[in-house]
Amino acid sequence: MSQGPELIITEKDNAARRIAEILSGGSAESERRRGVNVYTWGGRRCIGLSGHVVGVDFPPEYDDWRDVEPVELIDAPIDKRPTQENIVSVLRLLARKAGRVVIATDYDREGELIGKEAYELVREVNDDVRIDRVRFSSITEREVKSAFENPDDLDFDLAAAGEARQIVDLVWGAALTRFLSLSARQLGDDFISVGRVQGPTLKLIVDREREIEAFDPEDYWELFADLAKRGGGADGTFEAQYFYCDDDGTEAERVTEEDAASEAYETLEAAATATVESVRRRTRTDDPPAPFNTTQFIRAAGSLGYSAQRAMSIAEDLYTAGYVTYPRTDNTVYPDDLDPRELLDAFVGTRQFGDDADALLEQDDIDPTEGDEETTDHPPIHPTGELPGAADLDDDEWEVYELVVRRFFATVAEPATWEHLRVVATVGADEGADLSLKANGKRLVEPGYHAVYPYSSASESFVPDVAEGEALAITDTSFEAKQTQPPRRYGQSRLIETMEDLGVGTKSTRHNVIQKLYDRGYIESDPPRPTRLARAVVEASEEFAERIVSEEMTAQLEADMQAITRGDADLEDVTTESREMLSEVFEGLMESGEAVGDHLRESLKADRTVGACPECGSDLVIRQSRQGSYFIGCDAYPECTNTLPLPSTGKPLLLEETCAEHGLAHVKMLAGRKTFVHGCPLCQAEAADAQADRVIGTCPDCGVGAASETPRDGGGGGAEAGGELAIKQLRSGSRLVGCTRYPECEYSLPLPRRGEIEVTDAACEEHDLPELRVVYDDDREPWDLGCPICNYREYQAEQGGGSELESVTGIGEKTAEKLQDAGIDDVSSLKEAEPDAVADRVDGVGPDTVREWQAKAD
DNA sequence: GCAAGGTC
């Protein structure tokens with residue numbers, strides 16, 4: 001045995017840092033090697049991986065989709081390759097010299113596999129070092145120390161279960177994805193993908209859409225009366241609803257026969273009073289919610305308007321900054337070592353949470369709620385007690401942080417108490433035409449957790465105190481004709497909850513799967529609706545590869561993985577059987593390949609068809625020019641050359657809604673946060689044609705007396721050519737201030753897409769142009785845009801703010817800030833920088849990344 | 001350029 005230092009390997013850097021801190025008693029030092037943190041103390045070193053650092057894939061000779069028959073992938077070999085080169089190389093370096101290795105990855109199946117990957121990398125360079133495995137369910141001093149005192153061996157069966165999943169997913173996913181893409185001749189960026197998790201998720205959405213379409217609404221009627229307590233004034237009035245008991249004695253409000261409804265209404269309308277028949281009071285407690293797991297967090301953030309993806313991205317940022325715990329967890333039970341009082345103490349004295357924390361601390365005992373799921377890897381999401389400063393978070397981050405804090409507050413708060421009051425009154429009993437009305441009142445007596453958690457509804461409904469036998473005046477009645485409604489579409493959070501119920505996907509992947517469905521053109525809008533392509537993919541799968549769109553495949557795989565874990569089966573058994581099954585699927589598919597392809601292609605075209613061409617009656621479809629910009633062209637091209645332009649920003653999406661005048665589908669332009677609805681492309685073009693250019697001054701590039709100094713390059717014919725500046729509306733929907741000599745002079749300034757542009761009497765002295773104002777047709781304040789040249793300069797200054805660097809390298813604002821901190825504030829200093837030196841100084845950036853940036857800058 | 005699973 002060698003005498004080198006002990007090497008501890010964790011699943012992520014964050015865990016490495018905390019374990020080093022615990023085991024070293026705070027004395028560990030951190031150094032960066034190739035952008036990877038290594039923590040060192042005593043005779044020990046600790047390094048964090050980044051989840052899987054190796055990935056499974058087919059060998060390179062299988063890379064060309066057209067060269068390899070998809071069916072060949074079923075029995076193709078599978079390689080494991082490093083995917084995180086930097087981490088792998090640092091790991092190898094340290095492992096070579098290690099005297100002992102301890103694998104401390106997460107305590108779950110995937111963690112065991114990640115541990116085994118590390119094990120194999122260590123073994124490649126050091127074949128006799130002792131390799132131990134430690135397991136702990138939370139990174140606390142007690143658990144970590146005890147785990148390191150009782151090391152165990154890696155569970156190779158558990159890891160093999162994970163490997164079986166990798167292989168089955170790759171083989172099924174790749175073979176079927178390539179088959180569908182090839183048969184529809186969809187290669188390149190818009191390939192047609194299917195997989196074990198996205199398949200059933202898409203089918204959920206498609207099935208719901210089928211139910212909605214097949215839904216046959218039924219008419220029904222409901223009757224209401226306003227009842228007033230005598231002498232109670234306006235405050236004593238409340239609404240009651242007609243009800244009856246149906247044949248099996250259950251209470252019903254909906255009347256399905258119009259005659260019966262009318263007859264009841266006649267009685268109600270004729271009556272002046274209703275007599276209280278019964279009054280029932282009940283006290284109900286309303287328990288506070290369970291701690292947040294990922295799914296419930298996403299759901300709560302969803303009700304604040306965040307998409308699943310966005311909610312998780314914010315939570316990850318808050319986690320990295322140290323304000324909340326790890327956001328990927330299934331656990332809904334706080335661990336024993338979480339002391340709620342101690343955590344509440346952290347909020348005492350703060351402006352936003354101080355009062356609530358004080359109030360909670362005054363409770364006699366604090367007993368947090370618990371959910372059904374108790375796992376051991378990570379705690380439920382809760383605040384860490386480290387508080388962000390006022391400037392540390394933007395508005396969205398703050399809103400999500402507050403949600404997490406308040407959820408924690410709610411879980412340690414008292415239940416709420418409601419008083420329910422149910423009043424039943426009868427009408428027309430004297431005349432023998434007995435008719436019942438009911439009203440349910442709800443009053444919050446003890447707010448309990450609602451006082452600290454305003455996100456769940458605590459709305460009251462008023463019903464006054466009345467006594468049995470009391471006569472109430474009927475002050476108003478209504479007769480409402482309604483229809484049963486189709487089932488509702490899944491919202492993103494509901495979809496994630498359903499996936500969790502079915503066991504499809506994991507806490508870390510479910511939100512990404514939904515995003516992937518959007519990116520692949522399978523769903524659009526929110527709540528998501530399936531595209532024609534999605535239906536075609538589900539239909540084809542149902543016919544030939546039902547497993548790939550059914551949650552059964554996951555259930556079966558889960559059972560197989562458990563068998564491997566128990567030692568009742570091995571990886572070979574499971575993958576062989578799965579490959580045989582896939583071979584059978586392919587027999588059917590290959591026979592019908594052409595029909596499947598035709599169907600997919602028709603659906604793709606349907607997703608792009610805007611409507612009938614007004615010139616020739618063929619289809620108008622969305623096309624892409626060679627330069628990559630989108631436009632609408634006629635399917636009969638070149639016989640028909642009719643085209644309509646589309647806005648230059650974003651990717652077009654056709655909406656269900658069509659234009660009443662032209663019958664064309666409305667267009668939405670997807671551009672992240674700048675997404676907007678373009679509407680009917682023909683209406684836009686016609687509006688532009690009808691809108692005369694409004695001249696507002698001389699063109700600074702080519703107008704009479706044009707100054708030589710201009711804010712931007714024009715292609716103009718030089719000064720004195722007589723160009724004028726005008727407000728123009730283009731057929732693509734864009735608006736701008738541009739030269740009347742276009743296209744000879746290309747001088748232009750952008751204008752906002754929305755609102756009506758007014759030319760005011762005020763003028764800009766510098767540019768001799770009138771100031772503009774944008775007026776909106778809703779209740780928004782008008783926007784004083786001012787001189788268009790000054791406005792554009794300000795806009796550019798805002799956009800560009802220090803960031804040639806950002807636009808050249810494509811890095812985000814935050815990375816740019818970090819680079820600036822490291823002394824790199826422009827492109828030239830980036831080019832001169834030493835990649836390793838940059839990687840050492842900038843967190844989360846490796847030397848390879850720096851080299852990539854440098855390549856882009858060149 | 002395929003999947004799903006880790007992590008950033």
Side-chain angles (χ1 to χ4, degrees), chain A residues 10-16 35-37 48-58 60 62-68 70 72-74 76 78 83-84 86-87 105-106 108-118 159 161-182 186-201 312-321 326-328 377-378 499 504-513 515-516 519-520 548 553-554 557-558 561 578 582 811-812 814-815 818 842-846 849:
Chain A
T10 69
E11 189 153 322
K12 46 191 166 282
D13 175 59
N14 207 289
V36 184
N37 291 327
L49 307 176
S50 181
H52 292 287
V53 293
V54 296
V56 290
D57 209 346
F58 300 109
Y62 290 85
D63 279 356
D64 193 329
W65 292 32
R66 275 159 304 197
D67 257 14
V68 180
E72 290 178 52
L73 294 178
I74 300 176
I78 291 174
T83 49
Q84 305 271 359
N86 280 355
I87 296 176
T105 48
D106 285 1
D108 53 24
R109 182 165 56 217
E110 217 62 36
E112 207 70 16
L113 176 53
I114 291 165
K116 192 205 162 198
E117 289 160 3
E163 285 184 285
R165 179 201 56 71
Q166 288 185 316
I167 293 166
V168 169
D169 281 340
L170 174 64
V171 172
W172 280 74
L176 289 173
T177 294
R178 285 198 195 178
F179 183 89
L180 293 183
S181 304
L182 282 162
Q186 281 285 290
L187 301 177
D189 289 343
D190 292 324
F191 59 87
I192 296 173
S193 81
V194 282
R196 176 180 55 85
V197 172
Q198 50 171 305
T201 307
M312 282 308 284
S313 150
I314 294 175
E316 279 156 17
D317 288 345
L318 293 172
Y319 160 71
T320 311
Y326 195 62
R328 296 184 274 260
D377 45 358
H378 300 286
M499 290 170 76
V504 165
T506 73
K507 58 197 189 255
S508 316
T509 57
R510 290 185 196 112
H511 60 278
N512 294 25
V513 170
Q515 189 57 44
K516 194 185 268 181
D519 295 344
R520 296 279 155 86
I548 206 74
M553 184 162 171
T554 293
L557 188 60
E558 189 60 42
M561 286 194 287
S578 175
L582 183 57
I811 60 173
K814 287 188 180 169
T815 314
K818 287 191 208 168
V842 184
D843 253 11
V845 170
T849 313

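These values consider heavy atoms only, across backbone and side chains, with no hydrogens, waters or symmetry-generated copies. Predicted model only: the values in this text are computed from it and were never measured. Note on naming: letters A, B, ... go to the chains in the order of the sequence lines (proteins, then strands), and numbering restarts at 1 for each one.
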- Item | Residues in side chain to side chain contact (heavy atoms under 4.5 Å, CB included) contact with A:Ala315, at least two apart in sequence or another chain |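 By the side chain to side chain contact (heavy atoms under 4.5 Å, CB included) rule, A:Ala315 matches A:Phe297, A:Pro327.
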- Item | Partner residues of A:Asn512 under the side chain to side chain contact (heavy atoms under 4.5 Å, CB included) criterion, sequence neighbours left out |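 For A:Asn512, the residues satisfying side chain to side chain contact (heavy atoms under 4.5 Å, CB included) (neighbours in sequence not counted) are A:Gln309.
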- Start at the 5' end of DNA chain B and walk down; is the nucleotide closest to A:Thr506 or to A:Gly173 reached first?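 This one resolves to A:Gly173.
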- Nearest-nucleotide wise, let me know which of A:Ile114 and A:Gly188 is further upstream toward the 5' end of DNA chain B.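 On the 5' side of the pair lies A:Gly188.
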By the 4.0 Å heavy-atom rule, please label [X] as base, sugar-phosphate, or nothing.
X	result
A:Gln166	base
A:Tyr326	sugar-phosphate
A:Gln198	sugar-phosphate
A:Arg520	sugar-phosphate
A:Leu187	base
A:Val53	nothing
A:Trp172	nothing
A:Asp64	base
A:Gly505	sugar-phosphate
A:Ser508	base
A:Arg196	sugar-phosphate
A:Asp106	sugar-phosphate

Qualifying residues under side-chain hydrogen bond (donor to acceptor under 3.5 Å, both in side chains), relative to [X], sequence neighbours excluded:
X	result
A:Tyr326	A:Arg328
A:Asp190	none
A:Thr105	A:Arg133

- Can you give the first and last nucleotides of DNA chain B, 5' to 3', that have an atom under 4.0 Å from a heavy atom of chain A?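 Here the contact window of chain A covers B:dG1 to B:dC8.
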- Does the distance from a Lys or Arg side-chain N to an Asp or Glu carboxylate O, for A:Glu558 and A:Arg109, drop under 4.0 Å?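 A salt bridge links A:Glu558 with A:Arg109.
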- Message: Donor-acceptor check, side chain of A:Ser181 to backbone of A:Ile192, threshold 3.5 angstrom: yes or no?
- Response: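 It does hold such a pair.
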